[in-house]
2 protein chains.
Amino acid sequence: MAGKLTKLVDIRRKELRQAAFEVLQREGMAGATLEKVATHAGASKGIVLHYFRNKQELFEQAMREANANLRDAVAERLRQAKTPRERLAAIIEGNFDERFYQPSIAHAWLSLCGEVPREPQLARIQAVIHARMHSNLLSALKPMLSDEEARQTAHLISALIDGLWLRLGLHSGGILRDEALALMRDFIDRRLPAETGG
Amino acid sequence: MAGKLTKLVDIRRKELRQAAFEVLQREGMAGATLEKVATHAGASKGIVLHYFRNKQELFEQAMREANANLRDAVAERLRQAKTPRERLAAIIEGNFDERFYQPSIAHAWLSLCGEVPREPQLARIQAVIHARMHSNLLSALKPMLSDEEARQTAHLISALIDGLWLRLGLHSGGILRDEALALMRDFIDRRLPAETGG
DNA sequence: TCAAGAATTGTCCCATTGGTCAATTTACAA
DNA sequence: TTGTAAATTGACCAATGGGACAATTCTTGA
């Protein structure tokens, strides 16, 4: 860490975002009251509204943070990837990182998604997430496929990832990480040109 | 129609399920109050609780009905399908039936999904939906692929369908029917053995 | 040591909502 | 026509939750 110590404001905000997201996992958006978030964070309700303008803003930021985790999981792997194929694998494996690809997190994510149509802020975040995913995929696929094929494949992959996350949230005890990854690899292997030995 | 006229109870119940689902499209689960449902159906709140034990039961049945529509859309097409390939097309096209594959319906569906982790009744309905989908897909794929390949392909297809529906709900102005179907066809063509001319 | 600002708490208020119930209206069979 | 059961309404209740705010405690720099 270079420079200043972390300001208390930032600490509290982070704690509360985290608490909000964890309550969301258990209770869903409707059940995630400010009171519960405060209690879960070990504080009083007043504190929550001291650090966040209102409930909306709190959960908006909780969503931002949760997404940032996934984004970093991808970025981390992407940094070590050399070939397009490796970049593709990085994107996919990042999206199924074992730290995050878990039912409870999928529950929270699902609750957030349910609000997207009526909360422009959440919609914007979603749009950013999808745009980044698409752009990442395209940059990995372009060297391997024609433009049109790359575009289609990118759409298929991201829909597939979303679909598998959705099922993780819905069908408790359904498809878990290993099987999801196996499905993704299976899909990709059939879509990419044969690998040239090295 | 053979036999009795439709009982008033059944008419009202249907009207209210329908109204509930339509309010759900606009307002989401939290915003879909009994009052709004009643008003939308042109009745008073009391009526709703006269025909349904409580809010839970109302929306549970609304979900059942909405799903039945999609199920019928598939069944209808399935009835006219002769070959396995046609059966597969029937399943897919049914799931993107233009009457139902629409953003507002996807919104409602998404709201319901957000509640699934905390409402066993909804979870059961989801489980049935998925089971039927999987079974339909398997019966179409088994004649064309090995058991293991059929299983994987079925999982991929259903995840893909879910993912595309999810995006329809989230990303307003995103992938619409035609493109979704094109993606699905593209996916399938690459996975099935070449079609024997006829 | 002390003043000033930040952090934190607990209380209060108002709107909303699911659900109950008695009263009223409507439909229908005898 | 009339009496009974069903349909429908509207008033009411208790609980809840988001948010405002004044009061209190804690930090910190001079």
Side-chain angles (χ1 to χ4, degrees), chain A residues 4-63 108 111-112 114-115 118-122, chain B residues 4-63 108 111-112 114-115 118-122:
Chain A
K4 308 175 191 164
L5 297 177
T6 313
K7 284 200 289 278
L8 181 56
V9 200
D10 297 323
I11 296 175
R12 286 285 172 279
R13 289 238 170 89
K14 193 180 181 74
E15 287 172 342
L16 291 171
R17 280 192 304 254
Q18 183 62 29
F21 194 78
E22 282 167 15
V23 173
L24 205 54
Q25 296 177 17
R26 292 200 316 270
E27 315 267 3
M29 183 59 80
T33 78
L34 295 179
E35 184 74 46
K36 282 179 192 158
V37 171
T39 303
H40 186 71
S44 70
K45 188 174 67 164
I47 261 327
V48 180
L49 289 156
H50 178 67
Y51 286 105
F52 296 89
R53 218 193 322 281
N54 51 38
K55 190 183 176 180
Q56 246 184 307
E57 188 183 293
L58 170 64
F59 283 97
E60 175 197 322
Q61 300 219 20
M63 187 185 195
S111 291
L112 261 350
E115 300 301 312
R118 277 160 304 280
E119 302 230 4
Q121 290 304 316
L122 297 189
Chain B
K4 308 176 193 164
L5 297 177
T6 314
K7 283 200 289 280
L8 181 56
V9 200
D10 296 324
I11 296 176
R12 286 285 171 279
R13 290 236 170 91
K14 192 180 182 75
E15 286 171 342
L16 291 171
R17 281 191 302 254
Q18 183 62 30
F21 195 77
E22 283 168 14
V23 173
L24 205 54
Q25 296 177 15
R26 291 201 316 271
E27 315 269 2
M29 184 60 81
T33 79
L34 294 180
E35 184 74 46
K36 282 180 192 157
V37 171
T39 303
H40 186 70
S44 70
K45 189 175 67 165
I47 264 320
V48 180
L49 290 154
H50 177 68
Y51 286 105
F52 296 90
R53 219 192 322 282
N54 51 37
K55 191 182 177 180
Q56 248 186 305
E57 188 183 292
L58 171 63
F59 284 96
E60 175 197 323
Q61 300 219 18
M63 186 183 196
S111 291
L112 262 350
E115 300 301 313
R118 279 161 301 282
E119 302 230 4
Q121 289 305 317
L122 297 190

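Chain letters run A, B, ... following the sequence lines, proteins first, then strands; residues in each count from 1. Only a predicted model underlies this, so the values are computations on that prediction, with no experimental measurement involved.
- The distance from atom OH of A:Tyr51 to atom P of D:dG19 is 18 Å, rounded to the nearest whole Å.
- Under the side-chain contact (heavy atoms from CB on, under 4.5 Å) criterion, B:Ala41 pairs with B:Leu16, B:Ala19, not counting sequence neighbours.
- Sorted by first and then second residue, the side chain to side chain donor-acceptor pair (under 3.5 Å) pairs involving residues 37-48 of chain A (not counting sequence neighbours) are A:Glu22-A:His40.
- Not counting sequence neighbours, the partners of A:Glu27 by the salt bridge (Lys or Arg N to Asp or Glu O under 4.0 Å) test are A:Lys36.
- Under the side-chain hydrogen bond (donor to acceptor under 3.5 Å, both in side chains) criterion, B:Arg26 pairs with no residue at all, not counting sequence neighbours.
- With rounding to whole Å, A:Glu27 atom CD is found 12 Å from D:dG18 atom P.
- In this structure, CZ of A:Phe52 is placed 16 Å from C1' of D:dG18, rounded to the nearest angstrom.
- Under the salt bridge (Lys or Arg N to Asp or Glu O under 4.0 Å) criterion, B:Glu119 pairs with no residue at all, not counting sequence neighbours.
- For A:Glu35, the side-chain hydrogen bond (donor to acceptor under 3.5 Å, both in side chains) criterion is met by no residue, not counting sequence neighbours.
- Axis angle between the ends of the helix from C:dT1-D:dA30 to C:dA30-D:dT1, five pairs each and rounded to 10 degrees, works out to 0°.
- At the phosphate of C:dT8, OP1 or OP2 sits under 4.0 Å from a side-chain N or O atom of A:Arg12.
- Taking 4.5 Å as the limit, every side-chain heavy atom of A:Glu60 sits out of range of all side-chain heavy atoms of A:Phe52.
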Spell out protein contact along nucleotides 13-28 of chain C as letters: B when the base is contacted, S when just the sugar-phosphate is, - when no protein heavy atom is under 4.0 Å; keep the 5' to 3' order. ----SBBB--------
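- One finds a side-chain N or O of B:His50 lying less than 4.0 angstrom from the OP1 or OP2 phosphate oxygen of D:dA7.
- For A:Lys55, the salt bridge (Lys or Arg N to Asp or Glu O under 4.0 Å) test picks out no residue, with sequence neighbours left out.
- The separation between A:Ile47 atom CD1 and D:dA20 atom C1' is 15 Å, rounded to whole Å.
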